[in-house]
Amino acid sequence: MPKIVIVGFMKNNAAFLKYGFFLLLSSLLLLSLVASAQDTLTLDYKITGVSDPALSNALQRLRDIQTRYAKTLTPEAIIRLYKQGPQQIKAGLQPFGYFTAKVKGQLKHQGNQWVANYRVTPGPRVQVNQLDLLLTGPGADNAQLNQFISHYPLKKGDPLLTKPYDEAKQKFFEIAQNQGYLDAQITQSEIQVDIIRQQAHIIMHFDTGPRYYFGPVHFKTKVLSQKFLQRFVPFNQGQPYSSDSLLKLQDDLSSSPYFNQVLISPNRQETEDQQVPILVQLKPRPSQQYDFGSGYGTDTGPRGSLGIQLRRLTETGQRFNTDLKASPINKSLITNYIFPGRHPSTDEYRIFAGIGSDERGRGTSNTKQVGTSYTNDVAGWQQTIKLTYQLESFCLTPDSLKQHSQLLLPSIAWSRVKADNLIYPQNGYSSYLTIRTAVDDLISDNRFVQARLQYKWIHSYGQNSRLLLQTDLGYTVADDPDSLPLSVRFYSGGAKNIRGYNYQDLGPGRYLVEASVEYQHRIKGNWHGAVFYDTGNAFNNFNEGLKRGVGIGLVWASPIGPINLSLAKALDSENKPLRLQFSMGPDL
């Protein structure tokens, strides 16, 4: 509670004396009624005449007093708690502007079950009549602090609420710290309440103190060079001190593949000329990591994976990884050598090579590729520019002749993921846009341009319901569509898109249209029921129409992400019975 000074009083002492005499008489009568009460007693509270959030706050105060002072309930303890109730209820209403509330009580019991009933007349609500907000010190002209003053959460004529008053104090310190005013303080903080006029005068005086700046940044570690680590620092020496900038430095280092633990400490003791040195203590991850995995999906059948990471090949953070994945329908081996860019948290250069085999629909494909890419951040989007040289041999059907393809594929992609939780988001979205091309005058034996847009949106209604919407659109312009290799054709169907159809049962095609809506509702704990409707197709002509799938599902929000089991029906195929499909992986 803030400091509240009452500057006016109501003249109703006689009423208080009368009410106190009534409580005393009631107490004596009740004591005589409970002389033979058993040892195990319960006490419940009921308050009428006021609603949330004031109601919840008053009830919480009653329960807190009981927990603090009455570990074991006896008839005498219940009487004592009951008599303290009006005082606690009035105190619980004051943070919401009710300073003249009247409370009448009645205590009842049946056997060992006691109920304290209170009827509240809250009275008029105190309103803010005057604001005395003052900003002094060297930062009195700071734009962010003055904006805070001008947008102070309580205005003249508002009900007096102490929660935004207290939150404003914390907000001031957050802004001041982020602007470099590390010695900022509140020199006066008070609420004067005039009970007679039902008015409040808020006094809040702030002093910024001197402004501080970033000094040198020292990294305490031996595994990577100081020069390389300085590339993580998002600020320059001499810039105004900012707590947000330190949080970004910590996040970037923690999310990098190099460190398990990051501890950042401003060294105020060695401040010179208002410049604060920064010490960063780093605990490195193991230089090598080996990952083994196995699983099962109705799209892929049983599957396994093996991954190797070499995190620190040089003191400048160069690293290597390779991933081997295998299932009955696809196999792949991909290796990457990675050079951190100017901003290692977002920028990197990559040299990659890989081989793979896939069963795509009724066809088969074998690919070999090598290439290079550059990834960086552009206005909050992850941008990847890539050049891939690819050799592919493929068959459209088991009986068709094998064809061969050679492509030089320049591409560019933008992606963005925003979510409140990446493992099981309640709210968020993901967006991916990829454009790639091949020109037959430059090594390639085909000419085409292809674009693909993928978007998924998740929104929760309360704690128990989630709505998921997603779409996937692809478009290809080609000189000779029939000779395109399978790896650049679109397929659809399976547990991740149009449920009720087999994996990649729809297609191949040079166009792709998919859309899905799913509603999930919590059943118990981390288990959710789901209903969904999917539509789409992969085709060469838009007049081929869209396929539809509908069904129900069960979703477990596991610690590693959602695991989905669905029972789906393909609505546009008479020969497709209900299909049980299983998948796992992140939503976004």
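Values reported hereafter were calculated over all heavy atoms of this structure, with side chains retained and with hydrogens, waters and symmetry mates removed.
With values rounded to the nearest 0.5 angstrom, Asp587 atom CG is found 8.0 Å from Glu518 atom CD. For the atom pair CG of Leu324 and OG of Ser305, the computed distance is 8.0 Å after rounding to the nearest 0.5 Å. Atom CD1 of Ile175 is separated from atom CD of Gln147 by 8.0 Å, given to the nearest 0.5 angstrom. Of the inter-residue distances, the one linking Leu229 atom CG with Thr221 atom OG1 reads 7.0 Å to the nearest 0.5 angstrom. For the atom pair CG (Asp299) and NZ (Lys496), the distance works out to 8.5 Å, reported to the nearest 0.5 Å. Interatomic distance, Asn321 CG to Arg350 CZ, rounded to the nearest 0.5 Å: 6.0 Å.
In this structure, Tyr241 has its ring center at least 6.0 angstrom away from the ring center of Tyr213.
For Asn366, the side-chain hydrogen bond (donor to acceptor under 3.5 Å, both in side chains) test picks out no residue, with sequence neighbours left out. Listed by chain and residue number, Leu407, Leu408, Ala438 satisfy the side chain to side chain contact (heavy atoms under 4.5 Å, CB included) test with Ser444 (two or more places apart in sequence, or in another chain). In terms of the side chain to side chain contact (heavy atoms under 4.5 Å, CB included) criterion, residue partners of Asp505 (sequence neighbours excluded) are, by chain and number, Tyr501, Asn502, Lys576. Listed by chain and number, the residues in a side chain to side chain contact (heavy atoms under 4.5 Å, CB included) with Asp482 are Asp480 (sequence neighbours excluded). Annotation: side chain to side chain contact (heavy atoms under 4.5 Å, CB included) contacts of Arg510 (sequence neighbours excluded): Thr476, Pro481, Asn540. The ring-ring contact (aromatic ring centres under 6.0 Å, His included) check on Trp527 picks up Trp556, with sequence neighbours excluded. Applying the side-chain hydrogen bond (donor to acceptor under 3.5 Å, both in side chains) test to Gln237 and every residue at least two apart in sequence or in another chain returns Gln275.
For Lys569, the NZ atom counts as densely surrounded, since its 6.0 Å shell holds more than 12 non-hydrogen atoms of other residues, nucleotides or ligands. The environment of Leu401 atom CG is sparse: at most 12 non-hydrogen atoms of other residues, nucleotides or ligands sit within 6.0 angstrom. Counting heavy-atom neighbours within 6.0 Å of Arg362 CZ, excluding the residue itself, gives a total of 12 or less. Counting non-hydrogen atoms of neighbouring residues, nucleotides and ligands closer than 6.0 angstrom, the NZ atom of Lys171 reaches no more than 12 such neighbours.
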Practice problem: Please assess Val513 against Leu546 for the test side chain to side chain contact (heavy atoms under 4.5 Å, CB included), listing each intermediate value before the final yes or no. | Solution: CA-CA 8 Å; Val513 176; Leu546 302 179; 4.2 Å; yes
Quiz prompt | Derivation of the side chain to side chain contact (heavy atoms under 4.5 Å, CB included) call for Arg319 and Leu310 | solution = CA-CA 6 Å; Arg319 59 191 193 273; Leu310 306 179; 5.9 Å; no
Practice problem: For side chain to side chain contact (heavy atoms under 4.5 Å, CB included), just list the numbers for Gln470 and Leu468, CA-CA rounded to whole Å, side-chain angles, deciding distance to a tenth of an Å, and then say yes or no. | Solution: CA-CA 7 Å; Gln470 65 177 337; Leu468 297 84; over 6 Å; no
Exercise. Go through the steps for Ile278 and Ile264 under the test side chain to side chain contact (heavy atoms under 4.5 Å, CB included), then give the verdict.
Key: CA-CA 7 Å; Ile278 306 298; Ile264 299 180; 3.7 Å; yes
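Within the 4.5 Å cutoff, no side-chain heavy atoms of Asn267 are placed close to those of Leu279. Between Gln318 and Pro340 the shortest side-chain heavy-atom distance falls below 4.5 Å. In this structure the side chain of Leu422 reaches within 4.5 angstrom of the side chain of Val417, judged on heavy atoms.
No donor-acceptor pair closer than 3.5 Å links the side chain of Gln426 to the backbone N or O of Arg466. With Arg211 contributing its side chain and Gln179 its backbone, the two residues share a donor-acceptor pair below 3.5 Å. Between the Asp472 side chain and the Glu514 main chain, no donor and acceptor come within less than 3.5 Å of each other. With hydrogens and angles disregarded, a donor-acceptor distance shorter than 3.5 Å links the side chain of Arg312 to the backbone of Arg285. Using modelled atom types, no side-chain atom of Asp420 and backbone atom of Pro425 make a donor-acceptor pair closer than 3.5 Å. Distance alone, capped at 3.5 Å, places no donor-acceptor pair between the Asn376 side chain and the Asp347 backbone. Judged by distance alone, the side chain of Arg303 and the main-chain N or O of Ala326 form no donor-acceptor pair under 3.5 Å. Side chain of Asn537 to main chain of Gly545: a donor-acceptor pair is present (N/O by atom type, distance under 3.5 Å, no hydrogens or angles). One N or O on the side chain of Arg311 and one on the backbone of Pro257 form a donor-acceptor pair closer than 3.5 Å. Between the side chain of Asn421 and the main chain of Tyr424, a donor-acceptor pair closer than 3.5 Å is present.
Paired with Ser365 under the rule side chain to side chain donor-acceptor pair (under 3.5 Å), one option of Glu392, Arg360, Glu359 passes, and it is Glu392. For the side chain to side chain donor-acceptor pair (under 3.5 Å) with Ser465, the qualifying choice from Arg522, His521, His528 is His521, the only one to do so. Each of Phe448, Tyr511, Phe490 was compared with Tyr475 under the ring-ring contact (aromatic ring centres under 6.0 Å, His included) criterion, and only Tyr511 meets it. The only option from Leu484, Asp440, Val439 that meets the side chain to side chain contact (heavy atoms under 4.5 Å, CB included) definition with Asn446 turns out to be Leu484.
Residue pairs satisfying the ring pair (Phe, Tyr, Trp, His ring centres under 6.0 Å) criterion with at least one member in residues 271-330, sequence neighbours excluded, are absent. Pairs of residues two or more places apart, or lying in two chains, never qualify as ring pair (Phe, Tyr, Trp, His ring centres under 6.0 Å) while including a residue from residues 561-588. Identified under the ring pair (Phe, Tyr, Trp, His ring centres under 6.0 Å) test for residues 335-372, with sequence neighbours left out: Tyr337-Phe339, Tyr349-Tyr374. For residues 428-437, the set of pairs meeting the side chain to side chain donor-acceptor pair (under 3.5 Å) definition, not counting sequence neighbours, comprises Arg436-Gln450. Applying the side chain to side chain donor-acceptor pair (under 3.5 Å) test to pairs two or more places apart or on separate chains, those with a residue in residues 401-412 are Tyr389-Gln406.
Between the side chains of Gln289 and Asp291, a donor-acceptor pair is found at a separation under 3.5 Å. No side-chain donor from either of Asp251 and Ser254 sits under 3.5 Å from a side-chain acceptor of the other. For the 3.5 Å distance criterion, the side chains of Ser225 and Glu315 fail to qualify, holding no donor opposite an acceptor. A side-chain donor from one of Asp534 and Ser516 sits under 3.5 Å from a side-chain acceptor of the other.
Classified by interplanar angle (parallel below 30°, tilted 30° to 60°, perpendicular above 60°), the ring pair Trp457/His459 is parallel.
In summary, Asp252 and Lys248 engage in a salt bridge, as defined by a charged side-chain N under 4.0 Å from a carboxylate O.
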